[in-house]
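All values below come from the heavy atoms of this structure, side chains included, with hydrogens, waters and symmetry mates left out.
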Amino acid sequence: MSGKAIACVLVICSALAGGGLYYLQVYGFYDEIPPSGVSDVMLTALRSGTPEPMIHEEFQAIDAESSPLRYRACFTTHLSLATLTETYVVHDEPVPNVAPGWFGCFDASKIGAALESGSAIAFLGTGNIAYGFDRVVAVSGDGHGYVWHQLNRCGERHFNGESLPENCPPPPPSDSR
């Protein structure tokens with residue numbers, strides 16, 4: 001076999017492998033999550049400290065079993081930011097994760113810019129939705145809302161192999177280090 005034929009085979013195999021890897025990362029592992037009703041968007045209440053359903057419409061979400069960080073959702077609400085900040089726990093350090101380009105309602109850079117400018121506010125949805133991850137809900141002044149999972153302080157320390165800070169729940173037995 002000539003060198004050109006071998007090179008062609010290698011290039012074709014590499015292109016197929018690269019294309020397959022790209023597809024799996026961007027499309028393959030994600031599932032669209034159908035709306036289930038009132039509990040699609042939950043926020044942690046200031047009074048009780050527990051997650052409560054939030055009034056919302058137009059919910060759409062994606063998730064993947066491969067990582068808790070892959071959850072993203074979008075919705076709309078008629079609740080004002082003033083009402084939300086008086087009722088629910090504000091999240092101190094929100095960092096929206098980039099979503100696949102085909103999930104058009106979720107643009108992490110625009111959400112991050114809105115959070116920085118104060119035109120959107122982030123709230124704690126559910127703490128430790130999966131060990132070490134919090135569900136964060138951001139709502140903009142125009143009523144658009146966004147949801148993602150983010151590492152919390154316990155998760156950051158645990159997954160880096162460091163000792164856990166005080167008040168962190170113990171990791172699940174199958175994940176202990």
Do [X] and [Y] have side-chain heavy atoms sitting under 4.5 Å apart?
| X | Y | value |
| --- | --- | --- |
| Val95 | Gln150 | yes |
| Pro94 | Ile111 | no |
| Tyr71 | Asn97 | no |
| Ile121 | Leu84 | no |
| Arg153 | Cys168 | yes |
| Met54 | Phe75 | yes |

Do you know which two heavy atoms are closest between [X] and [Y], and how far apart they sit?
| X | Y | value |
| --- | --- | --- |
| His158 | Pro171 | CE1-CB, 3.6 Å |
| Ser117 | Ala114 | OG-O, 3.2 Å |
| Pro96 | Trp148 | CA-CE2, 3.5 Å |
| Pro170 | Tyr131 | O-CE1, 3.6 Å |
| Pro51 | Met42 | O-CE, 3.7 Å |

Backbone of [Y] reached by a side-chain donor or acceptor of [X] within 3.5 Å:
| X | Y | result |
| --- | --- | --- |
| Asp134 | Asn128 | yes |
| His149 | Pro68 | yes |
| Thr44 | Thr50 | no |
| Asn152 | Cys154 | yes |

How many angstroms lie between atom [atom1] of [X] and atom [atom2] of [Y], to the nearest 0.5 angstrom?
| X | Y | atom1 | atom2 | answer |
| --- | --- | --- | --- | --- |
| Glu65 | Tyr30 | CD | OH | 13.5 Å |
| Thr76 | Glu57 | OG1 | CD | 5.0 Å |
| Leu115 | Lys110 | CG | NZ | 14.5 Å |
| His56 | Thr77 | NE2 | OG1 | 8.5 Å |

TODO: Mind telling me whether His144 and Tyr146 have parallel, tilted or perpendicular rings, with 30° and 60° as the class edges?
DONE: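 Parallel, since the angle between the ring planes stays under 30°.
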Task: Residues, nucleotides or ligands: over 12 heavy atoms within 6.0 Å of Leu10 CG - done: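 Enclosed: over 12 neighbouring heavy atoms sit under 6.0 Å from CG of Leu10.
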Task: Flag if over 12 foreign heavy atoms under 6.0 Å of CD, Glu93 - done: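 Incorrect, the count does not exceed 12.
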Should [X] and [Y] be counted in the same cluster of Ile, Leu, Val, Met, Phe, Trp and Tyr side chains packed under 4.5 Å apart?
| X | Y | value |
| --- | --- | --- |
| Val137 | Val90 | yes |
| Val41 | Val136 | no |
| Leu43 | Phe59 | yes |

Task: Partner of Ile33 by side-chain contact (heavy atoms from CB on, under 4.5 Å), out of Ile62, Asp40, Asp63 - done: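 Single side-chain contact (heavy atoms from CB on, under 4.5 Å) partner of Ile33 among Ile62, Asp40, Asp63: Asp63.
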TODO: May I have the step-by-step check of side-chain contact (heavy atoms from CB on, under 4.5 Å) for Val139 and Leu79, ending in yes or no?
DONE: CA-CA 9 Å; Val139 180; Leu79 296 173; over 6 Å; no
- [ ] Using the ring of Phe103 (Phe, Tyr or Trp, six-membered ring only), decide whether Arg72 places NZ or CZ under 6.0 Å from its centre and within 45 degrees of its axis.
- [x]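 No, Arg72 does not lie over the aromatic ring of Phe103.
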